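Just so it is clear, the values below take in all heavy atoms, side chains as well, and ignore hydrogens, waters and symmetry mates. It should be emphasised that the depicted structure is a prediction, and the values quoted were computed from it without experimental measurement.
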Number of protein chains: 2
Amino acid sequence: MFIQVSANEIAAKHVSGQLNELARQRALWRKVKYREGSEIFGEAEPADYVYQVRQGAVRTYKRLCDGRRQIGAFHLPGDIFGVEDGEVHRFRAEAIVDTNLWIAKRRSLFARLAKGDIPAANHVRVLVTRTLEHAENHLVLLGCQNSLEKIAAFLLELDRRLEQPDVMVLPMRRCDIADYLGTTVETVSRALSSLQKERILSLVGTNHRGIMLHDRSKLADRVCPSPS
Amino acid sequence: MFIQVSANEIAAKHVSGQLNELARQRALWRKVKYREGSEIFGEAEPADYVYQVRQGAVRTYKRLCDGRRQIGAFHLPGDIFGVEDGEVHRFRAEAIVDTNLWIAKRRSLFARLAKGDIPAANHVRVLVTRTLEHAENHLVLLGCQNSLEKIAAFLLELDRRLEQPDVMVLPMRRCDIADYLGTTVETVSRALSSLQKERILSLVGTNHRGIMLHDRSKLADRVCPSPS
DNA sequence: CGACTCCTTGACAGCGTTCAACAGTAGTGG
DNA sequence: CCACTACTGTTGAACGCTGTCAAGGAGTCG
């Protein structure tokens, strides 16, 4: 759901043992490239494949009839997405930047489930559960947090997943962040500027896609941890 | 996630075949009663049991350190909840009113998974997937909808699940609705009053817990459907 | 009856959205 | 090389939705 930018290729450490096992059987997987902005699968489309990001980044989202959009997750190198229990996808998936994926026929995977392939079944359950856990935390963020807290939580999560790089380079635009956090580009921009004024971070590079965190503990103070 | 109020006992039609199969094996299940407001399980507590609502209603939620609360779901008669893939619960569960549950030892269920009980594994996957699907729709509601749309969506979902009763009686308080929708009691109250002024619904009964929908299509106009 | 809880309503302020203008960069073509 | 366009992000100003605070009504319970 977050970005791997410090390295373009996925790092083995980011793939759990179980996922590794699932992905290791390369006979199942096929390589596919998607250009920036192109659709990987649509909402209510048949869920015929399972995807793993190798390079680049993916956003999954739902859209309301009047154009409003809610991004459910960002998928980064190593992440597996598109695993559904039903016949169709409930989200639309697009490449945020030029992206390389591995895709696997879903039927071949589910055929193994039907045959009683317990490890395969467990893998699917783990993947779905991980997705659920992320969605649950996202609910709290959308329902309880104000705009500064949302941005802080977003940055900290990103920072954690990238293992605190010196500079994290966001592959997504401000409007993607806004639609992920349930706010607007202007609010995202103002929050980042505000944090920069407080010397908590620096915005660097083209379009300020790069972010340097100077004071992670101050940033953490801005977001309320989940346990009561 | 919504309330069964027209009948106190669960109706068979509300339990899918698969869930029925899981629940039918009563040898596994034990009956437990919870008083209004009492805790069924806590956040980060060991997930030793699986629960099915027989009578009453349950809320599951997370709380931030300063007291803010996000209700993830309401569980009604027939609903199974507390199924986790990990060792601990990620939500806290409380009885909204006096509630009767059936509980099953989780280990006995997961023992069957480990032994290669494919139907049992599928049941768990279906349950988790159903929870995920609800959470995904909830994300859109929290991230994209304004207060009137949230209330309208809430009411319509409730109405659908109750199969359009003449009067639906909410087991939850306004503050529960507010924390479910990411808003406040006052906003919930104002939205309901506003819809009543427009003759779309009537509030009846003690504490206005009863709601009669007069014009479901007008109410549906208030909420934007998900497909683009 | 009094105390309590829950809900509603009003007044007001503030956060965040909306609208608008502008800066910086990349890409294109003369 | 520069002009032009397109795109992204930033910032300012004004508005409005929603949160906050406060008061009061209605029902419940001891």
Between which nucleotides of DNA chain D, read 5' to 3', does contact with chain B run, using atoms under 4.0 Å from its heavy atoms?
D:dT18 to D:dT28
Does B:Ser189 reach a base, just sugar-phosphate, or nothing at all? Heavy atoms under 4.0 Å.
base
Judged by atom type as modelled, is there a donor-acceptor pair below 3.5 Å linking the side chain of B:Lys62 to the main-chain atoms of B:Arg90?
yes
Between B:Glu36 and B:Lys197, just flag the one whose closest nucleotide in DNA chain C comes earlier from the 5' side.
B:Glu36
Gap between atom CD1 of A:Ile211 and atom CZ of A:Arg209 - 0.5 Å precision:
10.5 Å
Using the ring of each side chain (for Trp, its six-membered ring), is B:Phe81 parallel, tilted or perpendicular to B:His75, with breaks at 30° and 60°?
parallel
Can a salt bridge be assigned to the pair B:Arg173 and B:Asp179 using a cut-off of 4.0 Å between side-chain N and carboxylate O?
no
On a plain distance test, is the side chain of B:Arg174 in donor-acceptor contact with the base of C:dT9 below 3.5 Å?
no
Once you measure the plane-to-plane angle for A:Tyr51 and A:His89, does it fall in the parallel (<30°), tilted (30-60°) or perpendicular (>60°) bin?
tilted
With a 4.0 Å cut-off, would you call A:Glu157 and A:Arg160 a salt bridge?
yes
Members of residues 200-214 of chain B that approach DNA chain C, where some heavy atom sits under 4.0 Å away:
B:Leu203, B:Asn207, B:His208, B:Arg209
A:Leu181 CG to C:dT17 P, in whole Å, measures 11 Å
C:dG16 C1' sits how many Å from A:Ile151 CD1, rounded?
12 Å
Quick one: CD on A:Glu149 to CG on B:Leu64, what's the gap to the nearest 0.5 Å?
7.5 Å
Angle class for the A:Tyr180/A:His138 ring planes (parallel below 30°, perpendicular above 60°, tilted otherwise)?
tilted
